[in-house]
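Data block below; observations after.
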Amino acid sequence: MKIKNLFLFGSMIFLASCSQQQQAREPISHTSGTFIKESIERNKVLIADEEDLIEAIIKNDSLKSYIASNKGYWYKYETKVEEVTPSPKRGDIAFFDYEIKDLKNRIIYSMSETKPQTYYVDKENIMMGLRDGIKLMKKGETVTFLFPSHMAYGYHGDDKKIGTNEPLICTVSLNDIKLDTQAKN
């Protein structure tokens with residue numbers, strides 16, 4: 001009898017717990033998306049301001065001709081190689097020197113501070129603008145790039161001398177290219 005009562009009591013508890021359905025809770029907070037919209041607007045204004053500063057630099061440098069890249073930066077040749085020679089491509093090794101300045105032409109990193117660089121093209125992480133700009137160059141060329149902050153170090157900076165959202169002037173000398181001998185033709 002005790003077993004029957006225990007079984008009956010257990011069955012009642014089981015049935016009672018099954019009959020109570022859990023109600024789905026509604027979210028406590030509702031997002032409106034305004035933060036993203038405001039962030040987009042701030043970035044549009046920032047980019048427009050940086051482009052105005054860069055355009056003023058280009059206008060004041062009437063001795064050189066600047067080229068607008070399709071990636072959103074500008075560049076001019078300090079030394080141009082006219083002969084047909086290869087430019088670095090994915091897998092090649094580029095040997096270069098560079099200097100970084102702010103838009104007021106103050107040196108942030110000199111060529112002696114940055115030391116000669118060895119860069120495995122598209123296989124290492126470097127500044128976004130340099131990653132693309134080096135592939136436009138030929139051995140022996142020196143190019144000055146005007147990078148808006150989103151093509152330089154962006155919002156974060158470099159945690160040393162380059163601050164938040166800082167557009168940069170980079171002068172790069174491509175000293176040599178070691179072609180990728182394992183590239184498939």
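Predicted model only: the values in this text are computed from it and were never measured.
Of all heavy-atom pairs spanning Ser87 and Lys135, the tightest one is CB-O, 3.4 Å. Contact record, Pro148 with Ile54: N-CD1, 3.9 Å, taken as the closest heavy-atom pair. In terms of heavy-atom proximity, Thr79 sits nearest to Gly140 at CG2-O, 3.7 Å. For the pair Thr142 and Ser173, the tightest heavy-atom approach, listed with the atom from each and the gap, is OG1-OG, 3.0 Å. Residues Val81 and Glu141 approach most closely at N-OE2, 3.0 Å, considering heavy atoms.
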Would Lys64 and Thr144 count as a side-chain contact (heavy atoms from CB on, under 4.5 Å) if you check the C-alpha gap in whole Å, the side-chain angles of each, and the deciding distance to 0.1 Å?
CA-CA 11 Å; Lys64 294 286 187 173; Thr144 297; over 6 Å; no
Verify side-chain contact (heavy atoms from CB on, under 4.5 Å) between Leu103 and Glu50, making sure each step is shown before the conclusion.
CA-CA 9 Å; Leu103 291 188; Glu50 289 178 4; 5.8 Å; no
Let me see the working for Arg131 and Asn125 under side-chain contact (heavy atoms from CB on, under 4.5 Å), right down to the final yes or no.
CA-CA 8 Å; Arg131 189 178 317 146; Asn125 191 19; 3.1 Å; yes
For Ile177 and Thr85, what are the C-alpha separation, side-chain angles and deciding distance, and is it a side-chain contact (heavy atoms from CB on, under 4.5 Å)?
CA-CA 10 Å; Ile177 304 167; Thr85 58; over 6 Å; no
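A search for ring-ring contact (aromatic ring centres under 6.0 Å, His included) contacts involving Tyr153 returns nothing, not counting sequence neighbours. Lys76 meets the salt bridge (charged side-chain N to carboxylate O under 4.0 Å, His left out) test with Asp61, Glu78; sequence neighbours excluded.
Rounded to the nearest 0.5 angstrom, Lys178 NZ and Lys139 NZ are separated by 13.0 Å. The OG1 atom of Thr171 sits 6.0 Å away from atom CE of Met111, with the distance rounded to the nearest 0.5 Å. Atom OG1 of Thr164 is separated from atom CG of Asp158 by 10.0 Å, given to the nearest 0.5 angstrom. Considering CD1 of Ile58 and CG of Leu146, their distance stands at 5.5 Å, rounded to 0.5 Å. Of the inter-residue distances, the one linking Leu168 atom CG with Asp102 atom CG reads 8.0 Å to the nearest 0.5 angstrom. In this structure, CG on Leu46 lies 11.0 Å from OH on Tyr155, to the nearest 0.5 angstrom.
Criterion: ILVMFWY side-chain heavy atoms under 4.5 Å apart, direct or through other members. Under it, Met127 and Tyr73 are part of a common hydrophobic cluster. Linking Ile, Leu, Val, Met, Phe, Trp and Tyr residues whenever their side-chain heavy atoms come within less than 4.5 Å leaves Trp74 and Val143 in two separate clusters. Ile134 and Tyr77 fall within the same hydrophobic cluster, where Ile, Leu, Val, Met, Phe, Trp and Tyr residues are linked whenever their side-chain heavy atoms come under 4.5 Å apart, directly or through other members. The hydrophobic clustering, which links ILVMFWY residues whose side-chain heavy atoms are closer than 4.5 Å, places Ile57 and Ile162 apart.
With hydrogens and angles disregarded, no donor-acceptor distance shorter than 3.5 Å links the side chain of Thr118 to the backbone of Phe95. In this structure, Glu124 contributes its side chain and Asp122 its backbone to no donor-acceptor pair below 3.5 Å. A distance-only check finds no donor-acceptor pair linking the side chain of Ser149 to the backbone of Gly154 [under 3.5 Å].
Each of Ile107, Thr114, Ile108 was compared with Ser110 under the side-chain contact (heavy atoms from CB on, under 4.5 Å) criterion, and only Ile107 meets it. Val45 pairs with exactly one of Asn43, Asp49, Ile47 by the side-chain contact (heavy atoms from CB on, under 4.5 Å) rule, that one being Asp49.
Residue Lys71 qualifies as open at atom NZ: its count of foreign heavy atoms under 6.0 Å is 12 or below.
Evaluation of the ring pair (Phe, Tyr, Trp, His ring centres under 6.0 Å) test over residues 97-138, restricted to residues two or more places apart or in two chains, returns Phe96-Tyr98.
A 4.5 Å side-chain heavy-atom check between Asp92 and Pro86 finds every atom pair outside the cut-off. Proximity of Ile67 to Leu136: side-chain heavy atoms (C-beta onward) are nowhere separated by under 4.5 Å.
Salt bridge Glu113/Lys161: present, at least one basic N to carboxylate O contact under 4.0 Å.
In this pair, Tyr75 and Phe145 present their aromatic rings tilted. The plane angle is within the 30 to 60° band.
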